[in-house]
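Excluded from the calculations below are hydrogen atoms, water molecules and symmetry mates; all remaining heavy atoms, backbone and side chain alike, are included. Letters A, B, ... are given to chains in the order of the sequence lines, protein chains preceding strands, and every chain is numbered from 1.
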Amino acid sequence: MGMYIVYRSPGGIMSARIVEVEAYIGRDDPACHAAAGPTRRNRVMFGPPGFSYIYFIYGMYHCLNFVTEAEGFPAAVLLRAAEPCDGLETMLSNSGKRQVEGLLGGPGKFCRAFGLTRAQNGLDLTGDQLFLEDRGEARPTVARSPRVGVTRAARRQWRFQVAGPPKASGG
DNA sequence: CAGACGATGCACT
DNA sequence: GTGCATCGTCTGG
């Protein structure tokens, strides 16, 4: 949280400050895509940490995750929202919008703005194409709550949001 | 191969 | 608050 996601896309470089994520942890988490075991879709979750997991949902949206935990233990962090930083024009163009409001305010909207699809599934996040960047900010205060769109295991408060007002101009 | 449904977003009431 | 677009993925036969 408070770190930046950077993507050197064919259409230009983009970056955004991460302000909302959710955790999906292991076979025991009924909301985790990997709960039923490895499939073609969730395969990358069972691999080593530090890779992108991007899936297609509702016939029209993509969602970006960061694979975490040791190889063989499927877990990932879903990126739910961010604040635009670099490459605003590219994001707007990708989204077909002219307004910044809500541009990255949801996992589907984020991927649309960044131009991420399954073509970027399984990327090495320690590479130079799609990666996280620590820009030296102080750790933001984080609030936790139940995950969105998850009915099972609602007791697990694994949604995390930066508290307080937006830092930059975006949002 | 057919059928069900989803870690969403948007229009509308 | 409710309805629904739209299709990949998974399940079961």
Verdict with supporting geometry, A:Arg43 and A:Met45, side chain to side chain contact (heavy atoms under 4.5 Å, CB included) = CA-CA 5 Å; A:Arg43 199 171 72 84; A:Met45 288 185 78; over 6 Å; no
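Rounded to whole Å, the distance from CZ on A:Arg112 to P on C:dA5 is 18 Å. The interatomic distance linking A:Asn121 (CG) with B:dA7 (P) rounds to 16 Å, in whole Å.
Here the CD atom belonging to A:Gln120 is positioned 7.5 Å from the CG atom belonging to A:Leu130, to the nearest 0.5 angstrom. Annotation: the span from A:Asp124 atom CG to A:Ser52 atom OG amounts to 9.0 Å, rounded to 0.5 Å. Going from atom CZ of A:Arg147 over to atom SG of A:Cys32 covers 8.0 Å, rounded to the nearest 0.5 Å. To the nearest 0.5 angstrom, A:Phe160 atom CZ is 12.5 Å from A:Leu78 atom CG. Of the inter-residue distances, the one linking A:Leu79 atom CG with A:Phe110 atom CZ reads 4.5 Å to the nearest 0.5 angstrom.
In this structure, the ring of A:Tyr53 has its center no less than 6.0 angstrom from the ring center of A:Phe51. Aromatic rings of A:Tyr55 and A:His33 (six-membered ring for Trp) have centroids within the 6.0 Å cut-off, being under it.
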Could you list all N or O pairs between the protein and nucleotides 1-4 of chain B that sit under 3.5 Å apart?
none

Determine, for nucleotides 7-13 of chain C in 5'-to-3' order, which nucleotides have protein heavy atoms under 4.0 Å from the base (write B), from only the sugar-phosphate (write S), or from neither (write -).
-> BSSS---
Dot-bracket for DNA chain B, please, read 5' to 3', with Watson-Crick or G-U wobble pairs under 3.5 Å on both distances, ( ) within the strand, [ ] crossing, | other strand, . unpaired.
-> ||||||.|||||.
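The aromatic rings of A:His62 and A:Phe56 sit tilted, their planes meeting at an angle between 30° and 60°.
Stacking here means ring centres nearer than 5.5 Å and ring planes tilted less than 30 degrees, and by that measure A:Tyr61 does not stack onto B:dG9.
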